[in-house]
Amino acid sequence: MPKVIRINMTDLSVRIDEAPAAWAGLGGRALTSTVVAAEVPPTCHPLGPNNKLVFAPGLLSGTAAANAGRMSAGAKSPLTGTIKESNAGGTCGRMLGRLDIKAIIIEGQPAATDTWYNIRISNEGVVVEPETETVGLNNFAVLESVAKRYGEDKGVITIGSAGENLMMISNISTRDPEGKLRSFGRGGLGAVMGSKRVKFITIDQEGTRPVPLVDSAAFKAANMIFTKALKDHPVSGQGLPTYGTAVLVNILHEIGGLPTRNFTSGQCEHHDMISGEHMYDTIVARGGEPTHGCSIGCVIQCSQVYNDKDGKYLTSGFEYETIWAYGADCLINNLDLIAECDNVMDDLGVDSIETPVMFGVAMEAGLLKFGDGMEVLRMLREEIGKATPLGRILGGGTGHVGKTYGVTRVPVVKNQAIPAYDPRSVKGIGVTYATTTQGADHTAGYAVATNVLNVGGKVDPLSNEGQVELSRNLQIATAAIDSTGLCLFIAFPALDIAECLPAAVDMLNARFGGKLTMDDVVGLGKTVLKLEHEFNLAAGIGPEQDRLPEFFELEAIAPHNVKWDMDQKELATFWNF
Amino acid sequence: MWITVKLFANFRENRFKEARRQYPPGTTVGDVATDLEIDPGLIGMIFIHGRAAELDRVLGEDDVLALFPLLGGG
C-alpha cells in the first residue's frame, strides 16, 4: 500500500501511515497542494512551525513512462505568501515511486536553533539524526559528503547556505543522475526547509522492485505511442535536444519580448552572443554535451553540459531564463561568465530567476553597474554566500531590493520575479503572471507557446483578445501535468499531436487500473487550481494582487511601443470556471 | 527591392545568419524560402519587423524577414 511519511521536527517523531484512499488519484502538485491546503493554516508564518514542507512524486513516477522523472515540493511560500508548488528532475521522484512513498510531509520546527538534522529514507524506514558535517556547506560539498558517507547511488534533497540562512531567493536542490544539481525553483522553498532545520534528505531505493502495473502490456503500448509523439514533434524531438531552452533568446529578441536592462527594452543588442545557437557552437567546440537529461527516462534531453574554454565542467541545466536574466536583463554579454554565475547559484542553492532579476533591480539602484558580471559573481560568493548584511538584502529577492533602494521599476507579481518574457509584447504570458496562484511564473501557463511559437494554435501576442481563455486552458492543463510527474515539455507535442495526451492517460489507467478520461484529467487540473486559489484568498492574497506592476502600464517598450493595457475586470474573469 | 533575411537555429547551416538580398517586387515569404532551399513545411515561425506573418505574405522594400524552424523552450 502507498505510504505517507510524516516527520515532526518539533519532537523528531516519525509516522509512516497508509495513504488515505482520497489521495489515490493524486500525485505531484495535486498532492502537495492538497496537503498544504488541508493542513497548513493559510495565515501562518511560512518560516514558523505551522508551515509544512511536502514532497510528492508524480502518479507515473518510478514507472518506465518517458519523461516521468519530475517530483513536486510544496509549502506556503515565504517569498509570495501564497501556496507554492515547484517541481524538479533528478533521481528522487523515481526512487520514491519505487519505494511506494506517496508523500513526505515535514512538519513542526525544533525549539533549538543550534542543531541541524539529516533525514534518511529507505525501505527499512526513516532515520532522523543531528547533522554537523555539512552545516554551513554549499550543495556540491553536501553531495560529496553524502556520497562518501552513504554511497554514490542515493537520491539527495539538500539546501545550500542560502537555505540555511532563510533567504527568500533560496531553492531546494536535488541530485541528478550524474551527481550534479537540479532545483526546486521559485518561492524560497529552501528557506522553508532551513526553517525546519533539515540540511539534507537522502533516499535509498535498495531492495525495491519495479513499480507494479495493473496492465503492463497496455502500459507498454501507451508508452510507445507517447514516446513516439515526444520524438516526432520538432520542438521536443529536435529543437530542445539540440539547442536547449536558450534557443528562445533570439526568438524573443526578434519579436521584441526579451526584457532588457531591467525591463526597459524588449530587445538586446548582443542577443546573438547569449543565444542558444551560440551556446550550441560553444559546447560542441569545447567537448561538452549539447544533449543531456535531468532525469532517467527523459527522451527530450533539453539539458546540456557546458564546459569552460579549457574543456572543464562549468555548468549544466543552463536554462534560457538564467541566460536571459544575466545576459539581457543585467546586460552581461559573456556566456562563460553567465555559466559561472549559474554554477555558483546551483552551489549556494539560490533561484536562477529570482536572483538575476534581483540583480537587474540592484543595477538600476546603482549598487553595481549593468553588465558587470565579475561584480555579480563577487556578490554571489562574498555577500549572499556569506550572508553579510548586504547579502541578506540581496537574498530577500527582487521586491525586497526594490523597496530597500526605492526603485519603482520592480518586475514582480506577488513579490516573485517576472521571468524572461515581457508581458507588454507577449500579453498571454502577462495574464499567467497576474493570475497564477504561484506569483509570477511562466511555467504555470506557458502562453508563449501559442502567442509566439505557433504551438497549439496562434493567438496574436500584441492583442488582449483571447489571452485570458488561452492562459486559463494552459494553467488547467499544466496543473494536471504537474500532478503526473511528467515533464512540462510534453506539452509541446501534446498541443499538436492528437495521440500524445490520451497515451499519457492510458498509462495512468494501465498503472492503476482506473478508467480515467481526458475530461477527468482536465477536471483534476481545475480542482488543483481552485484549491490553491482558495488557500491564497484565505492567506489574504486577493484579486487586488492579481495584477502586474504599475510600470508596465506607464512605460511603452521598444520596438513595438506597447504597454500593458489589459482591463482588470477582464483579468478577473480568469477564475470563471 | 532589397530585404534583410535573418535565419536561426539549423536554418543557418550552410547558409547565413543575416544577409541583405535583392528580390523582384511581388516576392512572397514562400518565394524567399524556396530561393534559400528551405522546405516551407519546416518553417515554424515567420516574423517581419518582429510581427508574425504567413508564407504568402508579399514582401516590401527594406523588410526584415526572420525565419525560424519550429522551436520551443521555457
Side-chain angles (χ1 to χ4, degrees), chain A residues 233-240 242-257 266-267 272 275-278 280-281 300 302 319-321 324 419-421 425 429 442-443 446 448-449 451-456 458-462 488-489 491-493 495-496 558-560, chain B residues 1-21 23 27-74:
Chain A
H233 195 271
V235 171
S236 49
Q238 292 154 31
L240 281 169
T242 308
Y243 299 106
T245 59
V247 76
L248 290 166
V249 170
N250 279 336
I251 301 173
L252 270 297
H253 168 84
E254 201 54 37
I255 63 120
Q267 291 192 314
D272 224 34
S275 65
E277 288 91 338
H278 178 70
Y280 174 81
D281 292 342
I300 299 178
C302 71
E319 301 289 345
Y320 163 63
E321 284 72 20
W324 152 74
Y421 314 86
S425 29
I429 202 72
H442 62 293
T443 66
Y446 193 62
V448 180
N451 274 186
V452 181
L453 307 172
N454 297 336
V455 175
K458 294 181 190 190
V459 172
D460 181 359
L462 296 172
L488 188 53
F489 287 168
F492 289 112
L495 284 165
D496 283 340
H560 298 310
Chain B
M1 63 179 179
W2 286 91
I3 66 163
T4 299
V5 183
K6 296 179 176 180
L7 301 177
F8 296 91
N10 57 349
F11 286 174
R12 289 179 175 178
E13 284 166 26
N14 304 318
R15 296 192 189 90
F16 53 85
K17 264 191 206 176
E18 185 173 332
R20 287 278 288 170
R21 295 171 76 88
Y23 288 101
T27 298
T28 64
V29 173
D31 295 334
V32 173
T34 307
D35 174 50
L36 294 172
E37 295 178 7
I38 293 173
D39 178 352
L42 296 179
I43 298 176
M45 287 167 272
I46 302 165
F47 302 113
I48 296 173
H49 298 298
R51 288 176 189 255
E54 302 294 328
L55 277 171
D56 59 5
R57 168 82 164 266
V58 176
L59 293 159
E61 182 71 35
D62 284 332
D63 270 352
V64 177
L65 169 67
L67 298 177
F68 291 86
L70 203 58
L71 295 166

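All heavy atoms count here, side chains included; hydrogens, waters and symmetry mates do not. So that the names make sense, note that chain A is the first sequence line, chain B the second, and so on, each numbered from 1.
For chain B, no part of A:Q238 is nearby; none of its heavy atoms comes within less than 4.5 Å. For B:E18, no part sits under 4.5 Å from any heavy atom of chain A, backbone or side chain. With a 4.5 Å cut-off on non-hydrogen atoms, A:D460 does not touch chain B at all. Proximity to chain B is limited to the side chain of A:F492, based on heavy atoms less than 4.5 angstrom apart. Residue A:I255 touches chain B through both its backbone and its side chain, counting heavy-atom pairs closer than 4.5 Å. When heavy atoms are compared at a cutoff of 4.5 Å, A:E254 approaches chain B by way of both its backbone and its side chain. Both the backbone and the side chain of B:A9 come within contact range of chain A, with heavy atoms under 4.5 Å apart. Neither the backbone nor the side chain of A:Y280 has a heavy atom closer than 4.5 Å to any heavy atom of chain B.
To the nearest 0.5 Å, atoms NZ (B:K6) and CG (A:D272) are separated by 9.0 Å. Atom CD1 of residue B:I46 and atom CG of residue A:N454 lie 8.5 Å apart, to the nearest 0.5 angstrom.
Of the possible donor and acceptor atoms, none in the side chain of A:H560 sits under 3.5 Å from a partner among the backbone N and O of B:R51.
Within a 6.0 Å sphere centred on CG of B:N14, other residues, nucleotides and ligands contribute 12 heavy atoms or fewer. Other residues, nucleotides and ligands contribute more than 12 heavy atoms inside 6.0 Å of the CD atom of B:E61.
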Item to check | A:D281 and B:K17: CA distance, side-chain angles, deciding distance, salt bridge (Lys or Arg N to Asp or Glu O under 4.0 Å) verdict | outcome: CA-CA 13 Å; A:D281 292 342; B:K17 264 191 206 176; over 6 Å; no

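Listed by sequence position, B:A66, B:F68, B:L70, B:L71, B:G72, B:G73, B:G74 are the residues of residues 65-74 of chain B in contact with chain A, using a 4.5 angstrom heavy-atom cutoff.
Taking A:I251, A:V452, A:V448 one by one and counting their heavy-atom pairs under 4.5 Å with chain B, the maximum is reached by A:I251.
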